Amino acid sequence: MPYLHPLLQTMAWLLGLCALVLAWPRVASLHLGRSRRFDRSRHIALGQAALLLLLLGGLGGTLMGRLYLHTWLGSGAHALGALLILPLALWGLGSGLMLARRPRPRRWLPLLHGLANLLVLLLVMAQAYSGHRLLEGLARVPG
């Protein structure tokens with residue numbers, strides 16, 4: 001059961017990487033002056049799936065912490081990382097929905113949206129390290 005959370009988070013991270021790759025043509029056209037085709041609908045679908053799965057996985061991780069550690073947010077640096085990711089992921093989801101529902105030429109909102117989501121992907125990698133250490137600790141605890 002404790003492996004469901006890391007599985008969801010890994011899937012969310014991979015979907016987020018795909019959304020990042022799809023976003024690159026948009027970054028190139030907005031900020032580097034290169035005209036590229038941006039697959040907006042696929043980027044939106046993958047980005048939403050990644051962020052929603054990440055938030056769902058975070059909720060699952062919180063419940064796993066309560067079940068196995070018998071406390072809320074008792075996993076130290078891992079819980080702190082989750083608390084950093086939460087507002088960034090919510091911002092990424094909200095700003096992405098705004099960009100998707102009201103498409104028009106913008107420069108700053110897409111940049112802030114992308115930077116926040118890039119930071120989320122980087123923080124999730126740090127979470128993978130601290131989460132792996134937590135799982136090793138759980139494996140050593142008898143029954």
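Just so it is clear, the values below take in all heavy atoms, side chains as well, and ignore hydrogens, waters and symmetry mates. These numbers were taken from a predicted model, which means no experiment stands behind them.
- Summarising the local packing, CZ of Arg66 is surrounded by more than 12 heavy atoms from other residues, nucleotides or ligands at distances under 6.0 Å.
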Just do the side-chain contact (heavy atoms from CB on, under 4.5 Å) check on Val27 and Leu111 with the steps written out, would you?
CA-CA 8 Å; Val27 172; Leu111 179 64; over 6 Å; no
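- No more than 12 heavy atoms of other residues, nucleotides or ligands sit less than 6.0 Å from atom CZ of Arg133.
- Rounded to the nearest 0.5 angstrom, Tyr68 OH and Ser75 OG are separated by 14.5 Å.
- Under the 4.5 Å side-chain heavy-atom criterion for grouping Ile, Leu, Val, Met, Phe, Trp and Tyr, Leu80 is not connected to Leu63 through any hydrophobic cluster.
- Side-chain atoms of His43 never come within 3.5 Å of backbone atoms of Leu22 as a donor-acceptor pair (strictly under, hydrogens ignored).
- In this structure, Leu115 is not a member of the same hydrophobic cluster as Leu122, with clusters built from ILVMFWY side-chain heavy atoms closer than 4.5 Å.
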Please determine whether side-chain contact (heavy atoms from CB on, under 4.5 Å) holds for the pair Leu20 and Asn117, giving the CA-CA distance in whole Å, both sets of side-chain angles, and the decisive distance to 0.1 Å.
CA-CA 8 Å; Leu20 174 65; Asn117 287 330; over 6 Å; no
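- For the residue pair Gln9 / His5, no side-chain donor-acceptor distance below 3.5 Å is found, with atom types taken as modelled.
- Leu53 and Leu88 fall into different hydrophobic clusters, where Ile, Leu, Val, Met, Phe, Trp and Tyr are joined by side-chain heavy atoms under 4.5 Å apart, directly or via other members.
- Considering all non-hydrogen atoms of both residues, Ala50 and Gly16 come closest at CB-N, 3.4 Å.
- A pairwise comparison of heavy atoms in Leu51 and Gly92 identifies CD1-C, 3.6 Å as the closest pair.
- Under a hydrophobic clustering in which Ile, Leu, Val, Met, Phe, Trp and Tyr are joined whenever their side-chain heavy atoms come within less than 4.5 Å, directly or via other members, Leu69 and Tyr3 fall into the same cluster.
- Distance alone, capped at 3.5 Å, places no donor-acceptor pair between the His113 side chain and the Ser95 backbone.
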Test side-chain contact (heavy atoms from CB on, under 4.5 Å) on Met125 and Leu121 and set out the steps.
CA-CA 7 Å; Met125 288 192 319; Leu121 288 174; over 6 Å; no
Apply side-chain contact (heavy atoms from CB on, under 4.5 Å) to the pair Leu8 and Leu54, showing each step before the final yes or no.
CA-CA 7 Å; Leu8 287 176; Leu54 186 72; over 6 Å; no
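- With rounding to the nearest 0.5 Å, the separation of CD in Gln48 from CG in Leu15 is 12.0 Å.
- Leu90 CG to Leu55 CG: the interatomic distance, rounded to the nearest 0.5 Å, is 5.0 Å.
- Leu59 and Leu83 are members of different hydrophobic clusters when ILVMFWY side chains are connected at heavy-atom separations under 4.5 Å.
- Contacts of Ser130 classified as side chain to side chain donor-acceptor pair (under 3.5 Å), with partners at least two apart in sequence or in another chain: His78.
- The distance from atom CG of Leu46 to atom CG of Leu17, rounded to the nearest 0.5 Å, is 11.0 Å.
- For Ala82 against Gln127, the heavy-atom pair with the smallest separation is N-NE2, 3.3 Å.
- Side-chain contacts under 4.5 Å among hydrophobic residues (ILVMFWY), followed directly or transitively, place Leu109 together with Trp91, Met98, Leu99, Leu112.
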